[in-house]
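Worksheet: one structure, shown below.
Please read all numbers here as calculations on a predicted model, not as lab measurements. Numbers here are sequence positions counted from 1.
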Amino acid sequence: MEGVNRFFNEKNEIESNISIDFTQTRNYLEIVKAFSRMSYQSLYIIDYFEKSFEYVSDNPLFLCGMTSEKVKDLGYEFYFKNVKPVDLELLIKINEAGFDFYEKLKVEERKMYTISYDFCLITEKKKEILVNHKLTPFFLTDDGKIWKAICMVSLSSAQISGNVVISKDDCDDIWRYDVPRNKWIVEAKKKLSQREHEILSLSAGGLKISEIADKIFVTADTVKFHRKKLFEKIGVNNIAEALAYAKNNKLL
C-alpha cells in the first residue's frame with residue numbers, strides 16, 4: 001500500500017471528515033456503463049477518497065489478461081504489476097506535476113481540464129504496448145479537491161512514453177509538461193485547415209486517396225500533398241497515426 005500511496009498527492013488528500021455532496025453520485029455509474037458499451041476504449045473510474053478504482057470496463061486493452069473485476073480489486077497495485085519500472089516512475093512524476101498544476105486553477109474551472117500522457121503496459125504475454133491515458137475529474141469535494149475522475153485508455157499514436165499534455169475545454173492553448181525540466185510550457189493548439197479536415201474525415205470513413213480526390217474534386221497528388229503537410233504539422237508518419245492523433249486531440 002505504501003507504493004500505491006505515491007499516486008495520491010497530499011495536495012489532493014481527502015480527509016474522512018471533509019465535506020462532500022454525495023448526492024452527486026445518484027445512478028451515474030449506469031451512464032458510465034452505457035457509454036463503455038458503445039466505446040472501443042477502456043474506461044475506469046478513480047475514487048480518490050477511497051484510493052481505489054470504483055469501476056473498470058470490460059475492454060481487454062487495459063486489462064492485461066485479467067478480468068475487469070480483478071483490475072478493479074487491484075486498484076493502483078495493477079500499475080505496479082503491469083507497468084515497467086521506468087514508466088511507473090514517470091507516472092508518479094506526472095501525477096505530482098499534474099496536482100501542482102491543478103492546485104493553481106480556479107475551483108469553478110477544475111472540471112474543464114483533461115490530462116493526457118503515454119506509457120507502456122506489459123501484457124500477459126510479456127509484450128509492451130504503448131497506450132494513451134486521459135484523465136478528467138467529474139466530482140469534486142466542496143473545497144475543490146478531486147473526489148472522482150474518469151480515465152480513458154486507448155492505443156497511443158506516439159512512439160515513446162511521456163507526451164504529457166493538459167487541455168481545457170474551449171481554450172486555444174494547451175500545457176505541455178517538460179519532464180526533464182519539471183516545467184509546464186504553454187503552447188497554441190494545432191488546428192487543421194479546412195482541406196486537412198476534409199481529407200482526414202474522409203480517411204476516417206475508409207476512403208482511399210483516389211476516392212478522396214474524386215470526392216473533393218482535386219487530383220490524387222493534391223490529396224497526397226495535403227496529407228504530407230498534415231503529417232508534418234502533427235508529427236505523425238502515416239494516416240493511421242494521424243487518425244489516432246486527431247481522435248485523441250479532438251481534431252475531428
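Remark: side-chain polar atoms of E196 are not paired, donor with acceptor, to backbone N or O of L192 under 3.5 angstrom. Judged by distance alone, the side chain of S39 and the main-chain N or O of F35 form no donor-acceptor pair under 3.5 Å.
Here the side chains of L230 and I234 are in contact, with some heavy-atom distance below 4.5 Å. The shortest distance between side-chain heavy atoms of K191 and D172 falls below 4.5 Å. Contact of the N82 side chain with the V71 side chain is not registered, since no non-hydrogen atoms from C-beta on lie closer than 4.5 Å. Inter-residue side-chain proximity for L130 and L155 is flagged as unmet; no heavy-atom pair is nearer than 4.5 Å. Between T141 and F49, the closest side-chain pair of non-hydrogen atoms is not below 4.5 Å. Counting heavy atoms from C-beta on, the side chains of I46 and C151 come closer than 4.5 Å. Side chains of I45 and L29 form a contact here, defined as non-hydrogen atoms less than 4.5 Å apart.
Taking all atoms of both residues into account, the shortest heavy-atom contact from S156 to D118 is OG-OD1, 3.0 Å. The minimum heavy-atom distance linking K233 with S193 is given by the pair NZ-N, 4.0 Å. Residues K84 and E128 come closest through the heavy atom pair NZ-OE1, 3.3 Å. Listed here is the closest heavy atom pair of F231 and I239: CZ-N, 3.4 Å. Considering every non-hydrogen atom in both D143 and R110, the closest pair reads O-NH1, 4.2 Å. The nearest pair of heavy atoms linking K148 to D47 is NZ-OD2, 2.9 Å.
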Exercise. Could you walk me through whether I94 and I115 pass the side-chain contact (heavy atoms from CB on, under 4.5 Å) check?
Worked result: CA-CA 10 Å; I94 292 170; I115 187 168; 4.0 Å; yes
Problem set entry | Residues K228, E232; criterion salt bridge (charged side-chain N to carboxylate O under 4.0 Å, His left out); working and verdict | CA-CA 6 Å; K228 182 175 182 294; E232 291 172 354; 2.7 Å; yes
Problem set entry | Verdict with supporting geometry, S36 and D58, side-chain hydrogen bond (donor to acceptor under 3.5 Å, both in side chains) | CA-CA 8 Å; S36 72; D58 288 328; over 6 Å; no
For this session: Start with the C-alpha gap between V218 and H226, add the side-chain angles, then the distance that decides, and say whether side-chain contact (heavy atoms from CB on, under 4.5 Å) holds.
Result: CA-CA 11 Å; V218 299; H226 285 292; over 6 Å; no
For this session: Given side-chain contact (heavy atoms from CB on, under 4.5 Å), test F80 with E77 step by step and report yes or no.
Result: CA-CA 5 Å; F80 287 85; E77 287 289 351; 4.2 Å; yes
For this session: Determine, step by step, whether W184 and K104 satisfy the side-chain contact (heavy atoms from CB on, under 4.5 Å) criterion, reporting the C-alpha distance in whole Å, the side-chain angles of both residues, the deciding distance to 0.1 Å, and the verdict.
Result: CA-CA 12 Å; W184 291 99; K104 297 177 176 68; over 6 Å; no
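At a threshold of 4.5 Å between side-chain heavy atoms, the hydrophobic network of Ile, Leu, Val, Met, Phe, Trp and Tyr places L90 and I129 in one connected group. Hydrophobic clustering (ILVMFWY, side-chain heavy atoms < 4.5 Å, transitive): V179 and L91 are in one cluster. V131 and M66 fall within the same hydrophobic cluster, where Ile, Leu, Val, Met, Phe, Trp and Tyr residues are linked whenever their side-chain heavy atoms come under 4.5 Å apart, directly or through other members. In this structure, I166 is a member of the same hydrophobic cluster as F119, with clusters built from ILVMFWY side-chain heavy atoms closer than 4.5 Å. Clustering ILVMFWY residues whenever any of their side-chain heavy atoms sit less than 4.5 angstrom apart, transitively, puts V236 in a cluster other than the one holding I174.
If you take CE on M112 and NZ on K106, they are separated by 10.5 Å, rounding to the nearest 0.5 Å. Within the model, atoms SG of C64 and NZ of K125 stand 12.5 Å from one another, a figure rounded to the nearest 0.5 Å. Taking CD1 from I199 and CZ from R227, the interatomic distance works out to 8.5 Å, rounded to the nearest 0.5 Å. Separation of atoms CD (E187) and OG (S167) is listed at 12.5 Å; rounding is to 0.5 Å. Distance check, rounded to the nearest 0.5 Å: CG of L243 to OG of S201 gives 9.0 Å. Atom-to-atom distance recorded for N163:CG and H133:NE2 is 14.5 Å, nearest 0.5 angstrom.
One side chain, Y177 or N182, offers a donor N or O that lies under 3.5 Å from an acceptor on the other.
Ring-plane geometry between Y113 and F101 is classed as perpendicular, the angle between the planes exceeding 60 degrees on a 0 to 90 degree scale with a lower cut at 30. Relative orientation of the F139 and Y28 rings is perpendicular, given thresholds of 30° and 60° on the angle between their planes. Ring pair F62/F78 is tilted by interplanar angle, where 30° to 60° counts as tilted. Between F53 and Y79, the ring planes are perpendicular. Angles over 60° get that label, and only those under 30° would be called parallel.
Annotation: W147 is not in aromatic contact with Y48 [ring centroid separation under 6.0 Å not met].
A salt bridge links E198 to R195: at least one charged side-chain nitrogen sits closer than 4.0 Å to a carboxylate oxygen. Under 4.0 Å is where a charged nitrogen must lie from a carboxylate oxygen, and between K93 and E89 no such pair does.
Around NZ of K189, the count of heavy atoms belonging to other residues, nucleotides or ligands within 6.0 Å exceeds 12.
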